[in-house]
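One structure is given here, and the rest of the page talks about it.
A, B, ... follow the sequence lines: proteins, then strands. Residue 1 opens every chain.
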Amino acid sequence: MLGVGSSNLLAPIFLLHRGVAQPGRALGSGSRGRKFNSSLPDYIFSLKVTSKLHAKKLERRLDMSNENEKSLEKLRHSAAHILAQAVKRLYPEVKLAIGPSTDTGFYYDFDREISFTPEDLGLIQEEMKKIVKENLPITCKEITKEEALTSFTTSKDIYKLELLEAIPEGDKITIFEQGEFADLCKGPHMEKTGQVRNFKLLKLAGAYWRGKETNQMLQRIYGTAFFDKKELKEYLRLLEEAKKRDHRKIGKELGYFIFDEQVGAGLPIWLPKGAKLLSMIEAYDTKKHEESGYKEVRSPHLGLVDLWKTSGHYYHYLDTMFPPMERDNQTFMVKPMNCPFHVSVYKAGLRSYRDLPIRYFELGKVYRYEKSGVLHGLLRVRSFTQDDAHIFCSAEQLEQELNSIREFSVNLFKDFGFTDLEIYVSIRDKEHSDAGKYIGDTKEWDLIEKEFISIVERMGIPYQIDPGEAKFYGPAIDIKLRDALGRLWQCTTIQIDFNLPTKFGLTYIGEDGEAHVPFMLHTAALGSMERFIAILLENYAGNLPLWISPEQVRIIPICDENIPYSKEICNTLNEVGIRTSVDEGSERMNAKIRKGEIEKIPYLFIIGKNEQEEEKVSVRKRHRKNLGSMTLDEIKLRLLEEIEKKVND
RNA sequence: GCCGAUGUAGCUCAGUUGGCAGAGCAGCUGAUUCGUAAUUAGCAGGUCGUCAGUUCGACUCUGACCAUCGGCUCCA
């Protein structure tokens, strides 16, 4: 049993929720899937942070004053205006919506009956260059609401009119003008269009007016802009690099996984090499959990509909659950989460305070009917495996548990080569806290959020507050990792749940001999295995560290006579657990080496007449060419050490 | 789900203003037994995403559907 934490603040909440079942309210349970089955990460893949290789540059960039950051915003905002001006010149019938700067560039939303084509994008970019060359002064003009209303009414700028309505009475209304173009805008902007020299239009996309699904679909043009031409080039290079590392591309090239139309969208099929990778990671993950006091459990892929009604999933997530199946008057539903099953495990016996904390772990495969448009390789699928854990503990144990989960994740990520982590405390968005977005009492929320933050404070590590990211029933601690390209990915989530234990009537016998309701923590370390593998593949560009490479060594006999000796070596290595094969093909050595390199095999051993006579192997490391001859014992020790230390390079 | 684009051999991609379907790589067969990123010759390989429609004739035109890609929305 773990030591008692210092969390007293939570005790009242614990008491509040004891026996306070609220049948009228459909309460949810864990929200573990929030981000780790998400689409592209919320990555800040900008010049702020580029890569480990650019650590020095990074420091310099982080030193950049706020002023400079803002002026980059200013530059991009002006670029958006130039984009709109160019579009207006080429297509006068277009109606303008909004055009802000973003973390990585800018966009402008347009309303036009005909769709823009990629060719249009080229024309628009050319027109933008002209506007830059014209070096038009950008001026700000303050006008009254009436003037603005009249102006936008005559120009039939319906979107601007809508924006205008939203401006509170008494606020300044400003118009920015450059040449014949004028836009309702708060600014600030550059002084002249000529200052926006380094920009590029990147893509076309649809976007809802004001981000609302029920609103008009507009056409969005994305672009980016920088002060320095080199920075623009670097950014475009990073985009290219990301494309090259796309896990969907690498997964196909290396034969890890496929999606099959006949099987269904969003349902990954693991090919032998990918399945090997997956099962190795799963085995390691399981071992680590067991070492940390988690007990592995297993549960079925479906359960009776009433189970999902009790847990609340049925009421809250029906549209993302696969539909019910009926047979002999019973209705089953495929699981979108594992929690109710772990609750069953808890309920399988009488629990005492002496048993707490109880930690259950399962590599549980869950199914969620994601909308067709959001599916994205392994990052957003309809069937995936969570390294899902549930901890049942007392209020006093919460802090200790949160700490050990965090530590567990940090150590696990280190093994996979991720050391650049960020901790987020997901709390409510205060501005919307009254809008019925969150359940429960505001005071309770304040209390529990405060407690969460102070627990993280006591961890003595840097963290950030993520407003609006709290689950509707409680706050969470999330851990994001930064990959080799500087992108952030959320993997670990730690959530507190004080609903499910009550709903399922969970209790433990306390020191006082009375029944108490335990707290339940939902957590996942790597998150979704599918998603984590995607992150690994992108981070390493497919060059997986030796210890998780499905094929670690490939032996290349120079001619057929060397095959028996090669097989001998292969067997010896396999016996000590080094995954080795022999390329017995009839191609020449060079072709086999090329094949091995393309397949990103960590080590290639060349065996010819010389090696056979000297009882050695010629070692070739991935991307490092020839390392020279070594005895089998030498290389074996080297490999085993590299595997043991989980070296990544 | 919404907007837009795309879908041709295992893979990467040409192509046809409607008239017998093309390459490279991979595969197979043979020759070659080679020293650190592609030896060579030959042979195969396709309901041109699916289903309808127009047409003497559809891979090409039309429609619906499916899937993928870029976004939007969503992601418990």
Might you work through the salt bridge (charged side-chain N to carboxylate O under 4.0 Å, His left out) test for Glu530(A) and Arg382(A), ending with a clear yes or no?
CA-CA 11 Å; Glu530(A) 284 76 1; Arg382(A) 286 178 176 159; over 6 Å; no
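With the 3.5 Å cutoff on both pairing distances, Watson-Crick and G-U pairs in RNA chain B assemble into runs of at least 3 at B:1-7 with B:66-72, B:10-13 with B:22-25, B:27-31 with B:39-43, B:49-53 with B:61-65.
Residues Glu370(A) and Arg380(A) are paired through a salt bridge, judged by an N-O separation under 4.0 Å between the basic side chain and the carboxylate. Between Arg245(A) and Glu241(A) there is a salt bridge, with a side-chain nitrogen of the basic residue lying less than 4.0 Å from a carboxylate oxygen of the acidic one. Between Glu634(A) and Lys616(A) there is no salt bridge, since no side-chain N of the basic residue sits under 4.0 Å from a carboxylate O of the acidic one. The pair Glu362(A)-Lys335(A) counts as a salt bridge, with a side-chain nitrogen and a carboxylate oxygen less than 4.0 angstrom apart.
The separation of G7(B) from C51(B), taken at their C1' atoms, amounts to 16 Å, rounded to a whole angstrom. Rounded to the nearest Å, the gap between the P atom of G46(B) and that of A21(B) is 13 Å. When the C1' atom is compared between A9(B) and G15(B), the two are found 14 Å apart, to the nearest whole Å. On the P atoms, C48(B) is 35 Å away from U39(B), given to the nearest whole Å. Here the separation of C65(B) from U29(B), taken at their C1' atoms, is 43 Å to the nearest Å. U60(B) sits 34 Å from C28(B) when the P atoms are compared, rounded to a whole Å. When the C1' atom is used for both C34(B) and G70(B), the distance is 48 Å, rounded to whole Å. Taking the C1' atoms as reference points, U50(B) lies 10 Å from A67(B), given to the whole Å.
Taking the six-membered ring where the residue is Trp, the centroids of Tyr367(A) and His301(A) are separated by under 6.0 Å. Note: Tyr108(A) and Phe106(A) fail the aromatic proximity criterion, with ring centroids not under 6.0 Å apart. Aromatic pair Trp308(A)/Phe341(A): centroids less than 6.0 angstrom apart. A distance below 6.0 Å separates the ring centres of Tyr159(A) and Trp209(A).
Atom pair Glu113(A):CD and G4(B):C1' shows a separation of 16 Å (rounding to whole Å applied). If you take CD of Gln262(A) and P of G10(B), they are 13 Å apart, rounded to a whole angstrom. Rounded to whole Å, the distance from NZ on Lys252(A) to P on A67(B) is 16 Å. Summarising the geometry, the separation between OH on Tyr108(A) and C1' on C3(B) is reported as 19 Å, rounded to the nearest angstrom. Atom-to-atom, CG of Leu201(A) to C1' of G71(B) comes out at 15 Å; the value is rounded to the nearest Å. Regarding Tyr565(A), its OH atom lies at a distance of 19 Å from the P atom of G35(B), rounded to whole Å. The CZ atom of Phe384(A) sits 9 Å away from the C1' atom of C75(B) (whole-angstrom rounding). Atoms NZ (Lys243(A)) and P (G71(B)) sit 10 Å apart, rounded to a whole Å.
Below 30°, between 30° and 60°, or above 60°: for Phe322(A) and Tyr369(A) the angle between ring planes is above 60°, a perpendicular geometry.
Toward the 5' end of RNA chain B, the nearer of the two residues Tyr367(A) and Cys559(A), judged by each one's closest nucleotide, is Cys559(A). Where Gly608(A) and Ala591(A) meet RNA chain B, the nucleotide closest to each residue was compared, and Gly608(A) sits on the side nearer the 5' end.
Nucleic acid contact for Lys595(A): none, since no nucleic acid atom lies under 4.0 Å from a heavy atom of the residue. Asn562(A) comes within 4.0 angstrom of no nucleic acid atom, judged by non-hydrogen atoms across all strands. Counting any heavy atom pair closer than 4.0 Å across all strands shown, Tyr222(A) reaches sugar-phosphate atoms only and no base atom. Nucleic acid contact for Pro118(A): none, since no nucleic acid atom lies under 4.0 Å from a heavy atom of the residue. Across all strands, Thr320(A) comes closer than 4.0 Å to base atoms (heavy-atom distances).
The side chain of Lys625(A) approaches A37(B) more closely than any other nucleotide in the set G35(B), C11(B), A37(B). Picking from A37(B), G70(B), U39(B) the nucleotide with the shortest atom distance to the side chain of Arg588(A) gives U39(B). For Asn590(A), the side-chain atoms get nearest to A38(B) when compared with the rest of G35(B), A38(B), C75(B). Among the nucleotides G35(B), C69(B), A37(B), the one closest to the side chain of Arg248(A) is C69(B). Here the nucleotide nearest the side chain of Glu611(A), chosen from A38(B), U36(B), G35(B), is G35(B). Here the side chain of Val374(A) is nearest to one of A37(B), A38(B), G1(B), namely G1(B).
Qualifying side chain to side chain contact (heavy atoms under 4.5 Å, CB included) partners for Lys609(A), counting only residues two or more places apart in sequence or in other chains: Glu613(A). Take Glu597(A) and apply the salt bridge (charged side-chain N to carboxylate O under 4.0 Å, His left out) test, not counting sequence neighbours, and it matches Arg620(A). Residues satisfying the side chain to side chain contact (heavy atoms under 4.5 Å, CB included) test with Asp306(A), not counting sequence neighbours, are Lys309(A).
Considering only side-chain N and O atoms, Ser618(A) lies nowhere under 4.0 angstrom from the phosphate OP1 or OP2 of U36(B). At least one side-chain nitrogen or oxygen of His376(A) sits closer than 4.0 Å to the OP1 or OP2 atom of G70(B). Taking only side-chain nitrogens and oxygens, Arg620(A) comes nearer than 4.0 Å to OP1 or OP2 of A37(B).
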In B/S/- notation, 5' to 3', how is nucleotides 41-51 of chain B contacted by protein heavy atoms closer than 4.0 Å?
-----------
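Contact of Arg368(A) with C74(B) (side chain to base): no donor-acceptor pair of N or O atoms is detected under 3.5 Å.
Contacts with RNA chain B (heavy atom under 4.0 Å) in residues 204-219 of chain A: Ala205(A), Gly206(A), Ala207(A), Tyr208(A), Gly211(A), Glu213(A), Met217(A), listed by number.
In this structure, Arg622(A) is not positioned above the aromatic face of Tyr603(A) in the sense of NZ or CZ being under 6.0 Å from the six-membered ring centre and within 45° of the axis. Taking the ring centre of Phe384(A) as origin, the terminal cationic atom of Lys365(A) falls outside the region bounded by 6.0 Å and 45° from the ring axis.
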